[in-house]
Amino acid sequence: MDKAYDHTLVEDKIYKTWEENGYFKPEINPDGAPYSIILPPPNANAPLHFGHAMYVIEDVLIRYHRMKGLATLWVPGADHAGTETQFVFEKKLKEQGKSRLDYDRDTLFQMIWDYVQENRGGMENQLRRLGFSLDWSRLKFTMDPDIVKIVYSTFEKMFDDGLVYRANRLVNYCTFDGTSFSDLEVVNEDAQGSLYEIKYPIKNTSDFITVATTRPETLFGDVAVMVSPDDSRYKDLVGKTAMIPLIDREIPIIADEHVDKEFGTGAVKVTPNHDFNDYEVAVRNKLPMGIQVIGFDGKMINTDGVVDDLYVKQARKATVEKLEEKGLLGNVVDRQMVLRKCYKCKNVLEPLPKEQWYVKMEPLAKKAIEAVKSGEIKIHPQSFDKVYFQFLENIRDWNISRQNVWGIRIPAWFCENCSNWEVKSEGAPEKCSKCDSKNLVQDIDTFDTWFSSSQWPFATLQTTKEGDYEKFYPTTVMETGYDILRWWVARMAMVGIYRTEKVPFKNVVLHGLVNDPLGKKMSKSKGNVVNPMELVDQYGADAVRFALVYGTALGNDQALSYPKLEAMRKFSNKLWNIGRFIEMNQTKNLKLKTLSIEELKEFAKNETDREWVNRVGELVEVVSKNIDDYQFHFAADSLYEFIWHQFADIYVEDVKNRIDENSFIILYSLFSILLKLLHPFMPFITEEIYQKLPQHGESIMTSSWLNNG
RNA sequence: GGACUUGUAGCUCAGUUGGUUAGAGCGCAGCAUUGACAUUGCUGAGGUCACAGGUUCGAAUCCUGUCAGGUCCACCA
């Protein structure tokens, strides 16, 4: 063995051997009980970030259970990531001076498809470089035809069950990305704005009613002015007619509970097409919805020529100026307000009326809540179950339509003759089931990516290999970052239970975020993103893996620590040199032979040796228990402290001075056991040492956790 | 407004059902060693465990409150 461990000579070579020998497949333990994890599918076209490197936790679980003899299956996959990918692709187009609007739907889709196919391999090889023992023979992509088929059948079933419906409501619409979003994709941001007072003339009088608004440009879509029912100032005006300034359209003055008489002027304009609250007010008071005055391209429409074709921001300025000219503008005061922004492009979202597909969530949520309350699904750490319940208990219906081209197209057809919607999972319907018309047009929208990913556990297992679903579903563990508990985990629970009548996973294990060395969230815009692969190059995959697990309790965020990475690199070197010490002594004609803990208890005659046999025996228990309890940092900490500061510093130093045939066999046996205990965390170096020393099996990966060999 | 989470050594963090003298890595000081160790070993300094109460034989740990950071949810136009 070389004097120092060099990971660059080891890792790729070993991974290749593992993969070629089929060690990642559950079939290597054909008689074992099933243990399964579905990898949260990374975005197919993007390189991995540190969140993905945290999947090391899954590899620890898989490798540990594989060594315990279970039939372990870890299914890799890739996500088409609709909005994300189209966003990235459009940015590329923009660099070439193009936009999505320059292409027809099919061409654009094909371009993105090619782009994603080109990039897919990169992400997959990065998962390999991290040493993840994924069964690549079962690799799935969210756009595989068999997956799409399942997604379609779920949609059709939901439609038939009345859980999917089409409704014309206000949606969160991004006029830059050209699509609507669900409530989860809205980012609320505090901002400084202005509250404008605007005078609305009262019909047939010279009086005004003054409303306060942050959005003067939407007044063209007003359908009423409202006041609080118990506001004495306006009592006489309720029931009268006001005139919308600049266009002199007549609207009623109404009273509604929604109004806070202390706020602003106590009078509010009602614009149902451009404000969520106003929409509800209109429904409640049976008011008309009025006209849409902001288009889907972000430009004003239907303003009787006053500000038509101006973008919202310009329109606001222009409207205020025109109001001022006419003497209809009152005070303008600064106002702290909340802007609802697009999570992706950070522009302000417009509430706009649009017909979309919705999933009725309440019945689904009920069962998902029950699954956790009954303990059928366990969340680790448990404190996150509150977030889960909070989301599901207050859930609103889910808008699953996206106007992205990149995505799974919704299998719904509109009858242009009778306005009926046909939903068919297996190909276009020949004719309308209501009126027999053949004039059917498919919805151009695609599914929210999370709609397909909500089906991932059963969709993958139903399409990997014959018998997988029966054997491995429900999966044992779903491990992911806590940041997508609501986006993904809760939705998988709901849709999984709906489709399979079983929970999709028995345990949810949530890890924290990896922040930059200063503890700040890594983000491209801040420019503080560290590529995990560079650290793998520098420190080795084992050191990176161990550093991510060591010293951080499950579910807690961690700051990336270079000193810790360096410490773990040194730890691997320490391990290497214990191996080297053994190898060197072996050349002094000492026999290498490995015994199990039980055998060693018989074999060890002197008291010191017996004590160390017992201590290693205890460590086996501690590490096993901590992995069983998802307390990975305890396991890692115990291993680090014992191997270095007990085994190497004390035991090896002691044996050194009294080495003989028997003590050497004990030393070597104990070391072999330590290598195995460490293997789930540091797979490459433990394999390399294991194979450098004789009397071992062909791979530590497939060796037994408790029995030696 | 509601919820969650964090506050422990100079820095980054562990601290498991409350239980001797509160730990690790890095950093710092001193000594030793070229050995299995591109080093390592030994010794040491460094902590009012955010603050204030309370429960207890005993609190970093449990309870209440305060302060500070972070995150999420819901929000008055």
Side-chain angles (χ1 to χ4, degrees), chain A residues 1-6 183-184 186-188 190 193 195-198 211-216 218 225-226 228 256 258-271 274-278 281 335-338 340 381 383-391 393-394 396 482-483 485-486 512-513 515 517-521 546-547 550-585 622 625-626 629 631 633-638 640-641 644-645 648-650 652-653 655-656 667 671:
Chain A
M1 287 166 78
D2 294 337
K3 202 171 176 189
Y5 175 62
D6 183 354
D183 296 327
L184 282 182
V186 179
V187 181
N188 292 318
D190 288 326
L195 187 66
Y196 302 87
E197 291 182 1
I198 302 173
V211 308
T213 180
T214 54
R215 303 212 55 184
T218 62
V225 169
M226 65 177 170
S228 170
D256 189 276
H258 175 68
V259 181
D260 174 2
K261 61 181 177 179
E262 306 297 328
F263 184 86
T265 60
V268 191
K269 65 198 223 35
V270 182
T271 322
H274 301 288
D275 183 283
F276 288 100
N277 284 314
D278 292 1
V281 168
R335 165 81 185 148
Q336 273 298 118
M337 52 191 283
V338 177
R340 297 161 52 83
S383 58
F384 283 106
D385 60 8
K386 286 187 182 149
V387 179
Y388 179 87
F389 291 136
Q390 200 267 349
F391 174 60
E393 280 162 6
N394 300 293
R396 283 183 286 179
Y482 67 75
D483 52 328
L485 176 59
R486 293 168 307 138
L513 310 178
N515 292 320
L518 298 172
K520 300 285 175 213
K521 193 169 177 172
F546 209 74
Y550 182 94
T552 304
L554 185 67
N556 284 0
D557 294 349
Q558 62 178 307
L560 184 67
S561 163
Y562 290 100
K564 190 153 91 174
L565 285 161
E566 185 57 26
M568 295 314 156
R569 193 193 57 75
K570 285 185 180 167
F571 178 56
S572 27
N573 198 51
K574 189 74 184 181
L575 193 75
W576 181 259
N577 275 285
I578 303 172
R580 189 156 175 262
F581 173 77
I582 288 170
E583 190 199 40
M584 290 170 93
N585 279 287
V622 167
K625 184 180 184 310
N626 284 324
D629 293 345
Q631 304 270 36
H633 65 299
F634 286 146
D637 188 72
S638 316
Y640 181 92
E641 151 51 44
W644 196 323
H645 299 299
D649 288 352
I650 302 173
V652 175
E653 290 301 322
V655 173
K656 217 184 246 182
L667 169 71
F671 182 59

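Sequence lines set the chain letters: A, B, ... in the order given, protein chains first and strands last, and positions in each chain run from 1.
For the pair D275(A)/T218(A), no side-chain contact is recorded, criterion being any heavy-atom separation below 4.5 Å from C-beta on. Between K574(A) and Y640(A), every side-chain heavy-atom pair lies at or beyond the 4.5 Å cut-off. Contact check for V268(A) versus M226(A): side-chain heavy atoms found under the 4.5 Å cut-off. Proximity of K625(A) to F634(A): side-chain heavy atoms (C-beta onward) are nowhere separated by under 4.5 Å. For the pair L195(A)/F263(A), a side-chain contact is recorded, criterion being any heavy-atom separation below 4.5 Å from C-beta on. Looking at heavy atoms from C-beta onward, K564(A) lies in side-chain contact with Q558(A) at the 4.5 angstrom threshold. Taking the side chain as every heavy atom from C-beta outward, R486(A) and L184(A) approach each other to under 4.5 Å. Looking at heavy atoms from C-beta onward, F391(A) lies out of side-chain contact with L485(A) at the 4.5 angstrom threshold.
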Audit row: Y482(A), N556(A), side-chain contact (heavy atoms from CB on, under 4.5 Å) steps and yes/no: CA-CA 9 Å; Y482(A) 67 75; N556(A) 284 0; over 6 Å; no

Evaluation steps, side-chain contact (heavy atoms from CB on, under 4.5 Å), between R340(A) and V187(A): CA-CA 6 Å; R340(A) 297 161 52 83; V187(A) 181; over 6 Å; no

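A salt bridge links D183(A) with R396(A); the closest basic N to acidic carboxylate O contact falls under 4.0 Å. A salt bridge does not link R580(A) to E583(A): none of the charged side-chain nitrogens sits closer than 4.0 Å to a carboxylate oxygen.
When heavy atoms are screened at a 4.0 angstrom cut-off, Y640(A) is found touching the sugar-phosphate backbone but no base atom. Residue contacts for Y550(A): at a heavy-atom cut-off of 4.0 Å it reaches the sugar-phosphate backbone alone, with no base atom in range. Among the atoms of the strands shown, base atoms are found under 4.0 Å from some heavy atom of V338(A). Across all strands, A567(A) comes closer than 4.0 Å only to sugar-phosphate atoms, never to a base (heavy-atom distances). Residue-level contact check: R215(A) touches neither bases nor backbone, having no heavy atom under 4.0 Å from any strand. Contacts of E653(A) with the nucleic acid, taken as non-hydrogen atoms under 4.0 Å apart, include base atoms. Here A267(A) lies out of heavy-atom contact (under 4.0 Å) with every strand. As judged by a 4.0 angstrom heavy-atom cut-off over every strand, V270(A) is placed among residues making no nucleic acid contact. R569(A) comes within 4.0 angstrom of sugar-phosphate atoms only, judged by non-hydrogen atoms across all strands, and of no base. Across all strands, A559(A) comes closer than 4.0 Å only to sugar-phosphate atoms, never to a base (heavy-atom distances).
For the pair Q336(A) CD and rC75(B) C1', the interatomic distance rounds to 14 Å; values are reported in whole Å. Atom OH of Y388(A) and atom C1' of rC72(B) are 17 Å apart (whole Å). Between the CG atom of N515(A) and the P atom of rG69(B) there is a distance of 17 Å, given to the nearest Å. I578(A) has its CD1 atom 13 Å from the P atom of rA36(B), to the nearest Å. Atom CD of E641(A) is separated from atom P of rG23(B) by 12 Å (rounded to the nearest Å). Taking atom CG of residue L513(A) and atom C1' of nucleotide rU71(B), one finds them 9 Å apart after rounding to whole Å. We find that CG of D483(A) is positioned 18 Å from P of rG70(B), with the value rounded to whole Å. Here rU34(B) presents its C1' atom at 11 Å from NZ of K656(A), a figure rounded to the nearest Å.
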Atom pairs under 3.5 Å: protein N/O with N/O of nucleotides 14-21 of chain B:
from, atom 1, to, atom 2, distance (Å)
rA14(B), OP1, N556(A), ND2, 3.0
rA14(B), O5', G551(A), O, 3.2
rA14(B), O3', H633(A), NE2, 3.2
rG15(B), OP1, H633(A), NE2, 3.0

Protein-nucleotides 40-45 of chain B N/O pairs under 3.5 Å:
from, atom 1, to, atom 2, distance (Å)
rU40(B), O3', K574(A), NZ, 3.4
rG41(B), OP1, W644(A), NE1, 2.3
rG41(B), OP1, D649(A), OD1, 3.1
rG41(B), OP1, D649(A), OD2, 3.4

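Distances were taken from every side-chain heavy atom of S561(A) (C-beta onward) to each of rA77(B), rU12(B), rC4(B); the shortest belongs to rU12(B). Nearest nucleotide to the A4(A) side chain, out of rU5(B), rA77(B), rA38(B): rA38(B). With distances taken from any side-chain atom of T214(A) to the nucleotides rA77(B), rC26(B), rA36(B), the minimum falls on rA77(B).
Remark: the backbone N or O of M1(A) is not paired with any side-chain donor or acceptor of W576(A) at under 3.5 angstrom.
Remark: R486(A) is not in phosphate contact with rC72(B), judged by side-chain N or O atoms under 4.0 Å from OP1 or OP2. One finds a side-chain N or O of R396(A) lying less than 4.0 angstrom from the OP1 or OP2 phosphate oxygen of rA74(B). OP1 or OP2 of rA38(B) lies within a sub-4.0 Å distance of a side-chain N or O belonging to N573(A). For R335(A), a side-chain nitrogen or oxygen approaches OP1 or OP2 of rA77(B) to under 4.0 Å. For the pair K386(A) and rC4(B), the criterion of a side-chain N or O lying under 4.0 Å from OP1 or OP2 is met.
On a pure distance criterion of 3.5 Å, no polar donor-acceptor pair joins the side chain of K3(A) and the base of rA38(B).
D649(A) and H645(A) form a side-chain donor-acceptor contact under 3.5 Å, judged by distance and modelled atom types alone.
Secondary-structure stems of RNA chain B, taken as three or more successive Watson-Crick or G-U wobble pairs (i with j, i+1 with j-1) under a 3.5 Å distance threshold, comprise B:1-7 with B:67-73, B:10-13 with B:23-26, B:28-32 with B:40-44, B:50-54 with B:62-66.
Its glycosidic angle being more than 90° from 0, rA14(B) falls on the anti side.
rU55(B) and rC73(B) are spaced 34 Å apart, taking the C1' atom of each and rounding to whole Å. One P atom belongs to rA3(B), the other to rC63(B), and the distance between them is 15 Å to the nearest Å. For the C1' atoms, the distance linking rU5(B) with rU48(B) amounts to 25 Å, nearest Å.
For the pair N577(A) and G266(A), both in contact range of RNA chain B, the more 5′-proximal nearest nucleotide belongs to N577(A).
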